[in-house]
2 protein chains.
Amino acid sequence: MKYVTIKDIANALGISKSTVSRALSSDTRNVSERTIRRVVEMAQKMRYKKNEMAVNLRSRRAKTIGIVVPEAVTTFYLQFTTAVQRILQPQGYRIILAISDEDFLTERLNFESFDNYRVDGILISSCHHRANLEFYKEYVRRCTPMVFFDRTVADLECSSVRSDDYHSAFFLVEHLIYQGYRRILHLAGPDYIRNTSERLRAYRDVLKKHGIDYCPELVVSAGIDEVDGAEAMNRVLDAGIRCDAVFCFTELQALGAKKVLQERAIHIPSEMAIACMSGTKLATLVHPAITAVEQPVEQMAKEAVRLLLSKIENPTAPSETVVLPANMVIRSSTEK
Amino acid sequence: MKYVTIKDIANALGISKSTVSRALSSDTRNVSERTIRRVVEMAQKMRYKKNEMAVNLRSRRAKTIGIVVPEAVTTFYLQFTTAVQRILQPQGYRIILAISDEDFLTERLNFESFDNYRVDGILISSCHHRANLEFYKEYVRRCTPMVFFDRTVADLECSSVRSDDYHSAFFLVEHLIYQGYRRILHLAGPDYIRNTSERLRAYRDVLKKHGIDYCPELVVSAGIDEVDGAEAMNRVLDAGIRCDAVFCFTELQALGAKKVLQERAIHIPSEMAIACMSGTKLATLVHPAITAVEQPVEQMAKEAVRLLLSKIENPTAPSETVVLPANMVIRSSTEK
DNA sequence: ACAATTCCCGCAACCGTTCCCGGGATCCGC
DNA sequence: GCGGATCCCGGGAACGGTTGCGGGAATTGT
């Protein structure tokens, strides 16, 4: 458990620790080949491991990126994290992941912890787009390198990456209409997520475009997970509200709703279509597979990393907002 | 971007940095109440944030736990991580997560990186139970506090936590038999995962117990994910191999197999039952819901943390192997 | 009034590494 | 043989905290 230090190596070889340090970073013009060989061999023999903490303190760079995600139930954030890791690991960065568990106080704690730890930069998907606004602003003011992704925040002078929610929602709903569905139920998201209003706006705009009246009873607020989706679906059916398609805010909602439909022996898609935003592999795994809008995870990770690295290099660089197109994948749940 | 240090506070107040340090840790018997108040106020005003790296270096403790997981596709490891975080965060620990992506070289890199970083302890689920054996042994020999969980490793003098694979697999297969299924297909796991042989052994033992002949063609190796499961299922059906139930190594395999069955209009569970190990919420979300063995995640996290903390306190403490019972949840996919 | 104790605070070393600076040795050219 | 460049190496100050030790001032006891 006692770790060997460069001082130990220096003593063993009877040279100074500065030389050892230089030898280990193979600074060829300041230390002879022979010495390098001797040091490297001794380091190997003594099983020396560089203490990263000391390096970080000295260099004032942690070589670490923090990622704050709202939850770890959906695989989306993990795919994102994995993608970021694949890009940044070869560049010598460590990735720290913190899960806010949909609680904005935990999120704040996680964020502060990263900052105390002097990470080089932070990627964050906010779990509440208003509650922590002032908190974020403070960090933005202090030029902490940070980039929002997926669940971004309005009114903030900060780089962000998200997919084009409005248009993809628009196309998705319009697809339902083209398939002949008319009374489209919308399981909306909670109001603390910014995307909720975007998707609702798209929904209304599509109806207007196609001359369909907007019925308030066809829009129900339904949380984000499968329990929320199932409950909402049951409420609607029990209330006798007539509809022939469901447009869900999340994939989990859709799975919950789908299960309710199947248990009630309502056939998908002939009696009721189902489609959702935020689709992942899950939507393809079930039967029937669900038509969904999928976020371009890899692409988002790539852009987020690019923006973050640019902020790290120059904290006062102008912010950038990247909006990526999302893919709509049509599957059997909406093919009449 | 320039962070305030205790030295800055000391200068601003015209006192020494030792006093500031003591005041900030509210060392009441070595610094006066008045000074503490002045320091705390000034710290607040100057937006001082303690540099954790410096503290760690000095105290020689990173107050950090590293978790190495094989993949982040299944939610199991994230639930585990979330659970660990919930236990350890209140105790002032940070959690670092590294994803090996089922690659043992990446795993090695991740592990070494944690060690270089002098984390207090490491929780690891191995992605290959043989490839890195010598590597692990070296760390065990050096008394690095580490605990294996879920995918554990044999022949290693190290604490570990896993669920009782053999018995739960046994019960699961036996359940199929009690339901009247006789020709049970086993989609086995890859041989680099230790559990593969355990589950296969259980499968054979159940058959023997019930006097059913073991047919080699009913055991096919099938990777771990849904693509593997679907391919294997297709191969078996195309080869005309007769069976009336499928016992899957993983949940994803089961979902892949289930999809193939449904696409071929083979009814579940009347024509073919399906059951799997490593079940999560996913198994409940699909229709019909899949009978599965679920690992006691929270319990595993609790035990893993307990074992790890004990190793951290006393690195030479004797190792312990904890085997927890897993739950079998019977669902409609196996009810004839 | 004086010794003993208590109370605060500053000095300086330390954690393990990097890196600037300076100095001795060797080499080259003239 | 001498000035200057080049090559290696050691000393020591950082990075930002914590902590043992010691000392001066204030308080207490007799």
Student: Can you classify the ring geometry of A:Tyr136 versus A:Phe148 as parallel (below 30°), tilted (30 to 60°) or perpendicular (above 60°)?
Tutor: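 A:Tyr136 vs A:Phe148 ring planes: perpendicular.
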
Student: Check the distance between D:dG16's C1' and B:Ile9's CD1 and give it to me in whole angstrom.
Tutor: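 From B:Ile9 CD1 to D:dG16 C1': 12 Å.
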
Student: Does either side chain, that of B:Ser163 or that of B:Gln295, offer a donor lying less than 3.5 Å from an acceptor on the other one?
Tutor: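 Side-chain D/A pair, B:Ser163 to B:Gln295: present.
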
Student: Please write out each protein N/O paired with an N/O of nucleotides 25-27 of chain D under 3.5 Å, distance rounded to 0.1 Å.
Tutor:
none

Student: Between A:Glu138 and B:Arg47, does any side-chain N to carboxylate O distance fall below 4.0 Å?
Tutor: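 Salt bridge between A:Glu138 and B:Arg47, a charged N being under 4.0 Å from a carboxylate O: yes.
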
Student: Using atom CD1 of B:Ile36 as one end and atom P of C:dC7 as the other, report the distance to the nearest whole Å.
Tutor: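 Atom-to-atom, B:Ile36 to C:dC7, this comes out as 14 Å.
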
Student: Roughly what angle, to 10°, lies between the helix axis at the start of the helix from C:dA1-D:dT30 to C:dC30-D:dG1 and the one at its end, five pairs per end?
Tutor: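 About 40° separates the two local helix axes.
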
Student: Relative to B:Phe111, does B:Arg108 satisfy both conditions: NZ or CZ under 6.0 angstrom from the six-membered ring centre, and within 45 degrees of the ring's axis?
Tutor: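 No, B:Arg108 does not sit over the ring of B:Phe111.
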
Student: Could you tell me how far apart B:Asn30 (CG) and D:dG23 (P) are, to the nearest whole angstrom?
Tutor: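 So the CG-P distance, B:Asn30 to D:dG23, works out to 17 Å.
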
Student: What pairs of donor and acceptor atoms, side-chain ones from residues 301-308 of chain A against any protein atom, are under 3.5 angstrom apart with sequence neighbours left out?
Tutor:
from	atom 1	to	atom 2	distance (Å)
A:Glu303	OE1	A:Arg306	NE	3.3
A:Glu303	OE1	A:Arg306	NH2	2.8
A:Arg306	NH2	A:Glu320	OE2	3.1

Student: To the nearest Å, how far apart are B:Asp27 CG and D:dG17 P?
Tutor: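 Value for this atom pair: 17 Å.
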
Student: Please output the side-chain donor-acceptor pairs of residues 74-82 of chain A that fall under 3.5 Å, not counting sequence neighbours, one pair per line with the distance.
Tutor:
from	atom 1	to	atom 2	distance (Å)
A:Thr74	OG1	A:Glu71	OE1	3.3
A:Thr74	OG1	A:Glu71	OE2	2.7
A:Tyr77	OH	A:Asp150	OD2	2.7
A:Thr81	OG1	A:Tyr77	O	2.7
A:Thr82	OG1	A:Leu78	O	2.6

Student: Is it true that B:Arg151 and B:Glu102 have a side-chain N and a carboxylate O under 4.0 angstrom from each other?
Tutor: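 Yes.
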
Student: When you look at B:Asp115 and A:Tyr3, which way does the side-chain hydrogen bond (donor to acceptor under 3.5 Å, both in side chains) test go after all the steps?
Tutor: CA-CA 10 Å; B:Asp115 185 52; A:Tyr3 285 94; 2.7 Å; yes

Student: With a 6.0 Å cut-off (strictly less than), is the heavy-atom count around CD of A:Glu157, excluding the residue itself, greater than 12?
Tutor: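 Counting neighbours around CD of A:Glu157, 12 or fewer heavy atoms of other residues, nucleotides or ligands fall under 6.0 Å, so no.
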
Student: Hey, could you give me each pair passing side-chain hydrogen bond (donor to acceptor under 3.5 Å, both in side chains) that has a residue in residues 33-44 of chain B? Not counting sequence neighbours.
Tutor: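 Found B:Ser32-B:Thr35.
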
Student: Could you run through nucleotides 12-22 of chain C and give me one letter per nucleotide, 5' to 3': B if any protein heavy atom sits under 4.0 Å from the base, S if only the sugar-phosphate is that close, - if neither?
Tutor: BBBBBBBBB--

